[in-house]
Structures are given as structure tokens and as C-alpha cells.
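One structure is given below, encoded as C-alpha cells.
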Protein chains: 2
Amino acid sequence: MGERQEETVRVMADAASSGSRLRADARRNVEQIRSAAIGAFQGRGLTVPLEEVAKAAGVSKATIFNRFGGRIGLIEAVIEELVANELFAVIRHTRTLDDIGERITYYLTAIRDLQYRQPAVNDVLLQTFPHSQQLMEICRAGNEANEELIAAARASGALRPEFTAGDLHALVVDNALALKHGTRPPRDDYDRRTRYLLDGIRGHSSASG
Amino acid sequence: MGERQEETVRVMADAASSGSRLRADARRNVEQIRSAAIGAFQGRGLTVPLEEVAKAAGVSKATIFNRFGGRIGLIEAVIEELVANELFAVIRHTRTLDDIGERITYYLTAIRDLQYRQPAVNDVLLQTFPHSQQLMEICRAGNEANEELIAAARASGALRPEFTAGDLHALVVDNALALKHGTRPPRDDYDRRTRYLLDGIRGHSSASG
DNA sequence: GGTAAGCTGACCCGACGAGTCAAATTGCGA
DNA sequence: TCGCAATTTGACTCGTCGGGTCAGCTTACC
């Protein structure tokens, strides 16, 4: 067991550095599995059976365990590319907006867009894998962005005064649950409902637009 | 199997009529199981393990099968008392309201209240047991009420014009999913969020109140 | 060509809850 | 009180699901 563990660690380190002591076929499989995982996670979220990822990669399930140590290792090997980059980009871009009303609109719209396009995001937000430190960290960053936004918004009156960070969190989490367990609505319905939400939480003071 | 079936039918008929050919202990168990089921379904929804219902009733799981034929039989023996009465009362009361704005407010608030208080409602709305004709019928009645309400509301401008019956349906179903799979928020948070929803879907014409 | 790295099919595992049944119990009529 | 049919029940099977493992085969590499 110690041996397998070491091997896994080595692979995951290699994902960052480039010097590899892996055999050529193993290196190839790592890449095939990574890209198959990205595809599968995009389509069906982080809980897709590993068997399916393996099939898509043209390897056996056991190879995923050999190379990544299990689901969490695999997730951590692709989560940045799959979710974190986009999510952080949204957060970053939100911060650049001057008008607080715009910020709120953009943030909620963009997050909901991500949730719709990337089911994996929902698994992160729902903390489906609490054992992954990396996933929890992404989640934490999201919550932080939430609270930052709400603090700014409440001060400015762009949101109704009783609206809390918990409310925003619930909005996002409930949507994650709906997308995860329900049937996906057509995109235009989904976007329309995003607008209802926004109109329901905005303060009454801002009569602009 | 034919025998067991007949027996089950007899019990379920007895729930309506009163003449019983059941032995005294069986009759007592039927009542204990019914009331345990109501308690369990109230607390944990219609998917609670039958084992738990049995334990609460002080009988073994097999007795539930003897008396009710299985989960669906049991559900149908209590669903009226548990859900249908309240749900139909809400629908009926909605129809008595004159002001269309009030109707919408009342309906959505009351449905969401039911969903919060009675997890069983969510299992009905989510059609968790599509094999139960009775449950499907309740569900159908709910959808009908939805559509009736939306038709009236759109004509009057109390809702924003782009709001559809599908939107209302999604609102209710998404909430059902959130309650079923997520953590219940405190009641006051939940009610506050109900208000956000209402404010998000109302038409801009009604400036009353 | 030898050897260690790597791959894989076939396997086991645990969790879960529905549903079943032979055997024990018990209500009840005679 | 007896005897039997009705009833209950503990212990069982079943099916599903996916994670995880390993012996033995294959293959890259020196």
C-alpha cells in the first residue's frame, strides 16, 4: 500500500513539474485519462462513475487507481482547468466593476451560467467531496466572494436591506441542487428565471434602468 | 401471491368501509402502522425506510407488507390525511380570493409553507412514485391549479408578462429539490426568501401596497 | 532478453433497502 | 379448552451500485 501511495504522489507531482520517471505508456494514459475525465466531468459532474471515465480514456478502471489513486486524486488533477480558472475569473472580473448594481447582476448571472454549463461546479459548491482540501479551498474562496459582494451591496443600498450573505449562498446552493437532481431547463428559461431572481433581491432605491 | 394480493385489497377497502373481517390484532396493527407512517412521513418524507415505520409502530417490517402490500399501499392509505387535504384546501382557498395579486401571494406562500412543513408534499410534487395512480392524480391537480392561476394572472398583469406556468412549476419543483436534498433553512430565512421570489415575479404595473 | 513498470479482467467489498418465507404465535369459534 | 386458520416475525435473499484490489499478463526500456 505504501508503494502504491508513493507512485500516486509521484504522478501528481509530475502534473506540475515535467521531469517524469513514468514509462511512456503510463504517461500517455495519464493524459488520456485526464482528458477523458474533463469530458466526463463536464457532462455529468464530478460523481460520474470512474468506470465511464476509464472507458472514455480507453483504459481500465484500475489504471485510474494506479495513476491517480482514486476519484479525488483524479478530480484534483483536473479541477483547476475544469472549474477553478473560470470561477476565479468570474470573481476577479466582478471586482473590477465599479457600479455595485452591475456587480451583483454580473456575479449572479455568471455564477448561474457556470452552474448550468459546468455541473462540476455544483459538486464543488455542494461540497460533495469534503475530503478534498483543494475542493474545499475553492469553495471557501467562493463564499468569501459572496460575503465581500454582499457587504459592499448592503452598504450601497443596491440590494434590499434585509438580504444577507446567507441568502445569496442559499440562492446558489439551491440552484446547484436543482440542477444536480432535477431536469435541466432549456437555456432561455433558465436565464429568464435568473432575471426574476435578480429583480427579487435588488433594492428599491436604485430606479436606474 | 394471489392470496396476499386479495388480503391487501381487503385491508385497503376496510380503510374506507368499516366492516372488517380482520382479526383484532391485525386491525390494531393497521392503525398503529398508519399512525406511525404519518409521523415518519411528516418528518422524513415518503422515502423513509419502511423498517423505521415498522419500528415506530412496534411491529416488524413484514407486517407492513402483510397489511398494506408495500410502500405504495401504505402511502396511499395515509396520503389524503397527510397531504391531499391540505393541498386541496390551499387550492380551494386560492380560488376564493378576489384580488389576483393576493391570489398569487397566497398561493405561492401557502405552497411553500406546505413544502417546508410536510416533506411528503415534495415527494408528491417530484413524482417520486410514478406507479401510484393516486399520487399522480394529486400532482396533476396541483399542476392544473398552477396553470389556472397563471392564466388569470397574465390576463390581469399582476405577473410580469413573460412569466409562464412552467416558471411557476420550476419554482415549486426546484424548492422541492432543495428541501429534499439540502439542509432546511431556519423558518424565518425561508419565509424571507419566499418574499424575494414573489417580488421577482410580480408585474411592475401593480403599484398598490 | 531480462526485468521492473504498468495494465487489466475479474474479483470482493459494503451499504442500502425492498421484498419473502418457514416457523412460531395468537385470536377466536366451537 | 382445543384446534385451526389468521397473523406475526426474524432471518433471509435479492438486486443495485460503485469503490477499490490483486494476481497474472503485457510491455517499455536498458
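So that the names make sense, note that chain A is the first sequence line, chain B the second, and so on, each numbered from 1.
Put simply, CD1 on Ile33(A) is 12 Å from C1' on dT8(C), counting in whole angstrom units. Atom P of nucleotide dT27(D) and atom CG of Asn29(A) are separated by 13 Å, given to the nearest angstrom. Put simply, CG on Asn66(A) is 14 Å from C1' on dC25(D), counting in whole angstrom units. Rounded to an integer number of Å, the gap from Leu50(A) CG to dC17(D) P is 16 Å. When the P atom of dT8(D) is taken as reference, atom CG of Asp25(B) falls 5 Å away, rounded to whole Å. Rounded to whole Å, atom C1' of dT8(D) lies 8 Å from atom CZ of Arg23(B). Going from atom CD of Glu51(B) over to atom P of dT20(C) covers 15 Å, rounded to whole Å. The distance between atom NZ of Lys55(B) and atom P of dG10(D), rounded to the nearest whole Å, is 12 Å.
Taking 3.5 Å as the limit, the base of dT7(D) and the side chain of Arg67(B) contain no donor-acceptor pair of atoms between them. For dG18(D), the base has no donor-acceptor partner in the side chain of Lys61(A) [N/O atoms by modelled type, under 3.5 angstrom].
Of all non-hydrogen atoms in Ala110(A) and Val90(A), the two that sit nearest each other are CB-CG1, 3.7 Å.
Of the charged side-chain nitrogens involved, none lies within less than 4.0 Å of a carboxylate oxygen, so that Asp123(B) and Arg44(B) do not count as a salt-bridged pair. The residues Glu137(B) and Arg140(B) are annotated as salt-bridged, a charged nitrogen and a carboxylate oxygen being separated by less than 4.0 angstrom.
Listed for the Glu76(B) side chain is no donor-acceptor partner under 3.5 Å among the backbone atoms of Ser132(B).
Across the interface with DNA chain C, nearest-nucleotide mapping of Ser60(A) and Gly70(B) shows Ser60(A) to be the residue nearer the 5′ end.
The side chain of Leu22(B) approaches dT7(D) more closely than any other nucleotide in the set dG9(C), dT7(D), dG10(D). Comparing dG17(C), dT8(C), dC21(C) against the side chain of Pro49(B) picks out dG17(C) as the nearest. Listed nucleotides dA4(C), dT7(D), dC7(C) differ in distance to Ala26(B); the shortest reach to its side chain belongs to dT7(D). Distance from the side chain of Ala24(B) is smallest to dG27(C) among dG6(C), dG27(C), dT8(C).
Aromatic ring pairs are classed by plane angle as parallel below 30°, tilted from 30° to 60° and perpendicular above 60°; the pair Tyr106(A) and His93(A) is perpendicular.
Note that Arg184(A) lies outside the cation-pi zone of Tyr190(A), set by a 6.0 Å cut-off to the ring centre and a 45° limit from the axis.
Atom CG in Asp174(A) sits 7.5 Å away from atom CG in Leu179(B) (nearest 0.5 Å).
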Filtered N/O pairs between nucleotides 1-3 of chain C and protein, under 3.5 Å:
none

